[in-house]
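The chain is numbered in sequence order, starting from 1. Whatever order the structure lists ligands and atoms in, that order sets their numbers, starting from 1.
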Amino acid sequence: MLIKSKRGWELPDSQATPESLFRIRRSLIKTAAAGPLLAVPALTLPIAACAEEEREADPSAGLYPVPRNETYTVARDMTPEKYATSYNNFYEFGSHKNIVKAAQKLPLRPWTVTIDGMVEKPFTIGIDELLAKMPLEERVYRHRCVEAWAMTVPWSGFALKALVELARPSSGAKYLMMQTFKDAAVAPGQKQVWYPWPYTEGLTLAEATNELAFIATGIYGKPIPKQNGAPLRLAVPWKYGFKSVKSIVRFSFTDKRPTTFWETFGPREYGFWANVNPDVDHPRWSQAKERLLGSDEKVPTRIYNGYGEFVTDLYAGPGMRGQKLFM
Ligand SMILES: Nc1nc2c(c(=O)[nH]1)N[C@H]1C(S)=C(S)[C@@H](COP(=O)(O)O)O[C@H]1N2
Ligand SMILES: [Mo]
């Protein structure tokens, strides 16, 4: 059979994915023969089938829609809602794109967020109390996955800076670490022991307080669906999508750079900074173009995903010399 060799951006997403570090996985499965890894393959676990109309009502529904902040405009069509809410990356619920049903197991309440580390006084706050304190607005942002698919969506939520101010970090804090919940009874993907759960991400404090850094609590004028990271997820549109950690339960301030989920899993391919740059290829594919969800049109990718005017200065200092800013 003749196999046409494809450019990276022509690869189906199933190939152009972090999960295609299959070598590691295979060798683990081999060594674990007949062990728990094989006995409980995540994809065959029963998942809670749940039709749209049966879905749990979101207690925050009354808060939306919220006024749009027109500072952030995007010169391309909005992705139709059905694509943005049905083609997802959420490895806790499966290492493929079709995780909507599995994600319905995620409980919306009670949901608490812990703010700790280098802060004046650590505290835990319920999501509804947090939502009541934060200035909610809508922002239309581009989203660029490292796998080379992209979308344009209206997020609702609040500036991450507002949460940093609420947290009152001490002067020595340099980074903000953010973590997803950990509960393998809810998220069968977390039984895949070769991943470094819980999903962890981080930003410098300068990045976290940049005006673009956003905590999304809604999408398309409604509460954010479970598959998109309910009840709160990060949106940092100048970085590859994997930085935008979902279903956050912990914000921790620290003076040490956090080691992140994908960086731990595949350090040769995924770094801490992960800023979008069409000229810096992924080791296994080109980043020059992106595929728009819905139309499947291929369009050129832009430096910092089109947000250079907001973020270029973050990376200009001498401290950035030698940093791998684009992987
Ligand atoms: N906890 C968690 N957060 C996550 C992921 C994940 O697997 N788990 N995937 C990331 C990746 S790779 C992308 S592209 C976006 C996808 O967000 P979406 O499904 O809302 O489009 O979520 C990011 N946040
Ligand atoms: Mo991604």
Side-chain angles (χ1 to χ4, degrees), residues 9 11 13-21 42 78-103 106 141-157 177-184 186-190 192 195-203 214-220 222-251 260-266 269-271 274-276 282 285 287 290-294 301 305 327:
W9 51 269
L11 287 173
D13 295 310
S14 59
Q15 277 172 260
T17 168
E19 171 62 9
S20 57
L21 292 170
M78 206 92 85
T79 301
E81 180 178 350
K82 64 174 177 184
Y83 297 104
T85 57
S86 67
Y87 183 92
N88 303 101
N89 270 336
F90 203 162
Y91 276 61
E92 284 81 346
F93 296 104
S95 45
H96 51 88
K97 300 294 181 277
N98 188 16
I99 52 81
V100 175
K101 276 187 184 170
L106 182 70
Y141 275 173
R142 300 155 174 271
H143 174 99
R144 171 58 158 84
C145 177
V146 73
E147 299 161 344
W149 57 268
M151 59 181 183
T152 304
V153 297
W155 303 109
S156 306
M177 186 203 78
M178 289 154 276
Q179 266 175 345
T180 299
F181 72 92
K182 186 165 182 248
D183 183 352
V186 166
Q190 292 181 337
Q192 298 182 314
Y195 287 118
W197 310 112
Y199 198 102
T200 300
E201 261 304 338
L203 297 171
F214 197 64
I215 294 291
T217 59
I219 189 171
Y220 295 94
K222 289 172 275 191
I224 193 164
K226 296 176 178 187
Q227 63 270 22
N228 293 95
L232 76 171
R233 61 86 62 80
L234 183 65
V236 279
W238 72 98
K239 293 177 177 285
Y240 288 116
F242 66 84
K243 295 294 292 182
S244 291
V245 47
K246 292 178 168 180
S247 304
I248 302 170
V249 294
R250 184 174 173 213
F251 293 86
T260 64
F261 181 86
W262 286 114
E263 187 186 16
T264 306
F265 186 74
E269 307 204 335
Y270 307 100
N275 295 311
V276 174
H282 183 277
W285 59 84
Q287 294 292 25
E290 60 203 53
R291 176 179 64 86
L292 302 180
L293 289 193
T301 285
N305 201 24
M327 69 155 279

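- Taking 4.0 Å as the cut-off, Arg233 counts as a neighbour of ligand 1 on heavy-atom distance.
- Side-chain contact of Lys97 with Asn88: a donor-acceptor pair under 3.5 Å is absent, judged by distance alone.
- The distance criterion of under 3.5 Å between nitrogen or oxygen atoms is not met by Trp155 with respect to ligand 1.
- Checking only distances, Trp149 never comes within under 3.5 Å of ligand 1, N or O to N or O.
- Residue-to-ligand polar distances place Ser244 within reach of ligand 1: an N/O pair is separated by less than 3.5 Å.
- The distance from ligand 1 to the heavy atoms of Met151 drops below 4.0 Å at these ligand atoms: 21 (O).
- Less than 4.0 angstrom separates some heavy atom of Asn88 from each of these atoms of ligand 1: 18 (P), 19 (O), 20 (O).
- Closest to atom 4 (C) of ligand 1 by heavy atom, among Tyr240, Tyr199, Phe261, is Tyr199.
- In summary, the atoms of ligand 1 found under 4.0 Å from a heavy atom of Thr180, numbered by their order in the structure, are 1 (N).
- For His143, the heavy-atom gap to ligand 1 drops under 4.0 angstrom.
- Residue-ligand proximity, Gly241 to ligand 1, at heavy-atom distances under 4.0 Å covers atoms 10 (C), 11 (C), 13 (C), 14 (S), 15 (C), 22 (O), 23 (C).
- At least one N or O atom of Glu92 sits closer than 3.5 Å to an N or O atom of ligand 1.
- To the nearest 0.5 Å, atom CG of residue Leu203 and atom CZ of residue Phe251 are 10.0 Å apart.
- The ligand atoms of ligand 1 that sit less than 4.0 angstrom from a heavy atom of Phe242 are 10 (C), 11 (C), 12 (S).
- For an aromatic pair to be called close, the ring centres must be under 6.0 Å apart, and Tyr91 with Trp262 satisfies this.
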Determine, stepwise, if the pair Lys222 / Glu81 fulfils salt bridge (charged side-chain N to carboxylate O under 4.0 Å, His left out).
-> CA-CA 11 Å; Lys222 289 172 275 191; Glu81 180 178 350; 2.7 Å; yes

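- Ligand 1 has no nitrogen or oxygen under 3.5 angstrom from a nitrogen or oxygen of Trp262.
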